[in-house]
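Heads up: the structure comes next, in structure tokens.
Below, chain A is the first sequence line, B the second, and so on; all start at residue 1. Values reported hereafter were calculated over all heavy atoms of this structure, with side chains retained and with hydrogens, waters and symmetry mates removed.
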Amino acid sequence: MADYQKREGLFEKVYEIVRTIPEGKVATYGQIAKMLGTSDPRKVGWALAANSDSETPCHRVVNKEGGVAKNFGKSLGGDIGWEVQRSKLEDEGIFFVDEQHVDLTRHLWSL
DNA sequence: AGAGTGACTCATA
DNA sequence: CTATGAGCCACTC
């Protein structure tokens, strides 16, 4: 398995970038992957999966379609599902085109 | 150094 | 829309 406690490396970079996402914005795994210098969006999701830091707004990270992850499982220090993630995003003023899809046309984070 | 895993993405049907 | 298969790369054992 790979859900052990991470030490250092790619993970920290992901966390830093995710923390850089301003409120009311969302970033995609692919975008973050690019910033990391990798071409594997999986690494991003994986990094977040290994993380459970309440300081990292994982809920602002969505897939390419703006859809929230289905396997959040635990993050931000508790039982969280896409419904919880959605609430958090809405609380930041983010619009949803449907229950599981963020309006990327308005909230996609870009430099 | 080899195998297993993964919160993604893309292509195809 | 859903379902499959493949690509990809860091991490742990």
Side-chain angles (χ1 to χ4, degrees):
Chain A
M1 285 304 258
D3 57 54
Y4 297 81
Q5 290 284 324
K6 59 90 178 107
R7 305 245 131 93
E8 288 180 13
L10 202 287
F11 294 174
E12 286 205 348
K13 268 174 160 175
V14 175
Y15 307 149
E16 272 194 74
I17 293 176
V18 172
R19 286 190 213 133
T20 310
I21 304 175
E23 299 186 3
K25 293 281 183 184
V26 293
T28 68
Y29 294 98
Q31 294 261 267
I32 296 175
K34 288 283 198 178
M35 299 180 208
L36 292 170
T38 180
S39 27
D40 191 353
R42 271 190 175 160
K43 286 261 80 294
V44 180
W46 186 43
L48 267 48
N51 173 32
S52 27
D53 228 331
S54 21
E55 321 233 331
T56 309
C58 346
H59 57 271
R60 284 192 200 135
V61 184
V62 295
N63 69 24
K64 223 176 174 286
E65 298 186 22
V68 307
K70 56 172 182 168
N71 287 342
F72 258 63
K74 58 182 178 133
S75 217
L76 298 168
D79 315 87
I80 184 174
W82 64 268
E83 41 177 40
V84 178
Q85 183 180 11
R86 177 163 114 297
S87 294
K88 287 174 174 289
L89 294 171
E90 288 183 309
D91 192 50
E92 295 184 358
I94 293 179
F95 283 77
F96 275 69
V97 295
D98 63 71
E99 299 220 319
Q100 301 187 23
H101 291 101
V102 176
D103 187 350
L104 288 179
T105 66
R106 302 214 159 280
H107 308 296
L108 178 59
W109 181 49
S110 56
L111 308 118

task: Taking only the side-chain nitrogens and oxygens of A:Ser39, find out if one of them lies under 4.0 Å from OP1 or OP2 of C:dG7.
output: no
Integer-rounded Å distance: C:dT2 C1' and A:Lys70 NZ: 12 Å
message: Please report the distance, rounded to the nearest Å, between CD in A:Gln100 and C1' in C:dC1.
response: 13 Å
statement: Residue pair A:Glu65/A:Lys43 against DNA chain B: nearer the 5' end by closest nucleotide is A:Lys43
query: Roughly how many Å is it from CD in A:Glu12 to C1' in C:dC11, rounded to a whole number?
result: 14 Å
- prompt: With a cut-off of 6.0 Å (strictly less than), are more than 12 heavy atoms of other residues, nucleotides or ligands near CZ of A:Arg106?
  reply: no
field: C1' atoms of B:dA7 and C:dC13, separation to the nearest Å
entry: 23 Å
- request: Starting from C1' on B:dT9, measure out to CG on A:Leu104 and report it in whole angstrom.
  value: 14 Å
- prompt: Rounded to whole angstroms, how far apart are CH2 on A:Trp46 and P on B:dG4?
  reply: 15 Å
message: Taking side-chain contact (heavy atoms from CB on, under 4.5 Å) as the criterion, tell me which of A:Thr20, A:Val26, A:Thr28 meets it with A:Trp109.
response: A:Thr20
Interatomic distance where CG belongs to A:Asn51 and C1' belongs to C:dC11 [whole Å]: 15 Å
statement: Whole-Å distance, A:Leu48 CG to B:dG6 P, equals 15 Å
- line: Between CG of A:Asp40 and C1' of B:dT5 the distance, given in whole Å, is 12 Å
task: Kindly indicate, with the supporting measurements, whether the criterion side-chain contact (heavy atoms from CB on, under 4.5 Å) is fulfilled by A:Val62 and A:Leu104.
output: CA-CA 10 Å; A:Val62 295; A:Leu104 288 179; 4.3 Å; yes
task: Using a cut-off of 6.0 Å, state whether more than 12 heavy atoms not belonging to A:Phe95 lie near its atom CZ.
output: no
